> 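Here it is, the structure in full.
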Amino acid sequence: MTYLLFIIGFVLLIRGAEWLVDGASKLGRRLGISSLVIGLTVVAFGTSLPELVVNMFSAFTPGANDLAIGNILGSNVANILLVLGLAALVRPLSVKRPTVYREVLFNVFASGLLILLVADQFFDNFHQDFVGLSRIDGVILMSYFVVFLYYAFGRRLYAKEEAGAKDTPKPDKNFSATEVAWKIIVGSAALALGGNWIVDGAITVSELIGVSTGVVGLTVVAIGTSLPELATSVIAAKNKQVDIAVGNAVGSNLFNIFWVLGLTAAIKPLPFTDNFKFGAAAVLITSIVLFMSVAFGRYKHQISKSEGRFFLALFAVFLITTVFVG
């Protein structure tokens, strides 16, 4: 049954991604919101549900801390190197200049903040001997999640800052609210359910070959919970909805660090072992690589096919190194 659900999970992921992208696009058009904002919020949250569900179960399961930490760290690396890498092979991903110096750069900040909170207990003088994320660290991360939401909706909702009010997307009322809500809700549910079934099957297989929990979290579970982002971004790129493809991956990383990891740490402190220190560093490095590629790369403000192949090569190096370190 586990293997059957593993296969069915892939079907749900693909269909769920199609429904979610379609519903999110129609929501943006109906409200006059840019597709980038929808990708950064609605779609990113929907595709982050597998990570959230896995981490909530891990927080309440004794001895499952490694799974919760590895899930997020590995997923964030996969979202940039695997998801955007494959999406760029489908279609070069043009990234608007404001996105480069705001959302993408904010992703670098989030990764750097995670490193700071893990390595430096300046913010938590009561746990000087604790290396990892304490409950106070979790609250700090969640507070930045609120800042992110305010920024995404408050500053970018009607996309006036660059083009002016006259170029603001016009609301399109040709879609019924019921249709939009149904596609977003059912699509998100299918993504979450399919992602969890895939993770369950992958964990079962990994246990048969004797892989440690930490390595499983950073690799198998992380890739499994990143499949919704992968399916969503690849389909969005195929449908020429590049803003959703990029916004989904970057927004999902911000959700993962600020909300999912923050909430998990607030519930139960998360100690970081050596392999997770490597994972946190990898998250920061990949965030910087993404920023450098779109800001100063050969094809400025674009993730080209050649850069997509480079991202995938880096992801292979990350997987091999993770197994070696673990």
Side-chain angles (χ1 to χ4, degrees), residues 39-40 43-55 58 66-87 103-119 132-133 137-138 141-142 144-145 148 195 199 214-230 232-233 245-265 270 272 275-294 303 311-312 314-319 321-322 325:
L40 282 166
V43 178
F45 180 75
T47 55
S48 290
L49 284 175
E51 286 92 340
L52 179 61
V53 172
V54 169
N55 274 41
S58 300
D66 285 358
L67 185 61
I69 301 171
N71 173 37
I72 296 302
L73 299 180
S75 180
N76 275 28
V77 173
N79 284 345
I80 293 178
L81 300 183
L82 177 62
V83 174
L84 292 182
L86 286 177
E103 285 79 15
V104 175
L105 195 57
F106 196 34
N107 187 52
V108 176
F109 165 76
S111 304
L113 177 63
L114 176 61
I115 293 285
L116 178 63
L117 293 178
V118 168
L133 293 175
D137 295 331
L141 289 175
M142 288 192 294
Y144 275 100
F145 176 73
F148 164 66
V199 169
V215 173
V216 169
L218 281 165
T219 55
V220 178
V221 176
I223 294 175
T225 56
S226 289
L227 287 175
E229 286 89 345
L230 176 61
T232 300
S233 289
V246 176
N248 165 55
V250 175
S252 182
N253 275 16
L254 294 173
F255 270 80
N256 285 345
I257 292 177
F258 290 145
W259 180 247
V260 180
L261 201 55
L263 181 60
T264 307
L270 300 174
F272 272 54
N275 55 337
F276 292 136
K277 294 175 186 176
F278 161 76
V283 170
L284 177 59
I285 291 172
T286 53
S287 298
I288 294 175
V289 167
L290 174 61
F291 174 73
M292 297 297 291
S293 296
V294 295
I303 304 175
F311 280 15
L312 293 176
L314 284 183
F315 186 64
V317 172
F318 166 75
L319 292 179
T321 307
T322 297
V325 172

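Only a predicted model underlies this, so the values are computations on that prediction, with no experimental measurement involved.
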> Only counting residues at least two apart or in another chain, list the ones meeting side chain to side chain contact (heavy atoms under 4.5 Å, CB included) with L319.
T219, I223, F315
> CD1/I80 to OG1/T286 distance, rounded to the nearest 0.5 angstrom?
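Separation between the atoms: 4.0 Å.
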> Give the minimum heavy-atom separation between S252 and E229, together with the two atoms involved.
OG-OE2, 2.6 Å
> In Å, rounded to the nearest 0.5 Å, how long is the span from CG of D137 to CG of L270?
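Taking CG in D137 and CG in L270, the distance rounds to 9.5 Å.
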> What closest approach, in Å, do W259 and M142 show between heavy atoms, and which atom pair accounts for it?
CZ3-SD, 3.8 Å
> Not counting sequence neighbours, which residues clear side chain to side chain donor-acceptor pair (under 3.5 Å) with N253? List them please.
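Side chain to side chain donor-acceptor pair (under 3.5 Å) check on N253 returns N79.
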> Give me the atom names and distance for the closest heavy-atom approach of A245 to L84.
O-CD2, 3.9 Å
> My understanding is that only residues two or more places apart in sequence, or in another chain, count here; which of them pass side chain to side chain donor-acceptor pair (under 3.5 Å) with S75?
E51, S226
> Can you tell me if OH on Y144 sees more than 12 non-hydrogen neighbours from other groups inside 6.0 Å?
no
> Would V250 and L290 count as a side-chain contact (heavy atoms from CB on, under 4.5 Å) if you check the C-alpha gap in whole Å, the side-chain angles of each, and the deciding distance to 0.1 Å?
CA-CA 10 Å; V250 175; L290 174 61; 4.2 Å; yes
> Show the atom names and distances, to 0.1 Å, of all donor-acceptor pairs under 3.5 Å that link a side chain in residues 108-117 to residues at least two apart or in another chain.
| residue | atom | partner | partner atom | Å |
| --- | --- | --- | --- | --- |
| S111 | OG | N107 | O | 3.0 |
| S111 | OG | S287 | OG | 2.8 |

> Just verifying a value: how many Å separate I69 CD1 and L133 CG, rounded to the nearest 0.5 Å?
7.0 Å
> Applying side chain to side chain contact (heavy atoms under 4.5 Å, CB included), name anything that partners S293, two or more places apart in sequence or on another chain.
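S293: side chain to side chain contact (heavy atoms under 4.5 Å, CB included) contacts with V289, E307, F311.
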> Please report the shortest heavy-atom distance between T322 and F278, naming the atom on each side.
OG1-CE2, 3.4 Å
> Quick one: closest heavy-atom pair of F318 and G74, and the distance?
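Looking at all heavy atoms of both residues, the shortest contact is CZ-CA, 4.4 Å.
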> Applying side chain to side chain contact (heavy atoms under 4.5 Å, CB included), name anything that partners L86, two or more places apart in sequence or on another chain.
L82, L89, L230, V234, L312
> So among V283, V77, V221, N256, which one has a side-chain contact (heavy atoms from CB on, under 4.5 Å) with I72?
N256
> Ignoring hydrogens, what is the shortest heavy-atom contact between L254 and F148? Give both atom names and the distance.
CD1-CE1, 3.4 Å
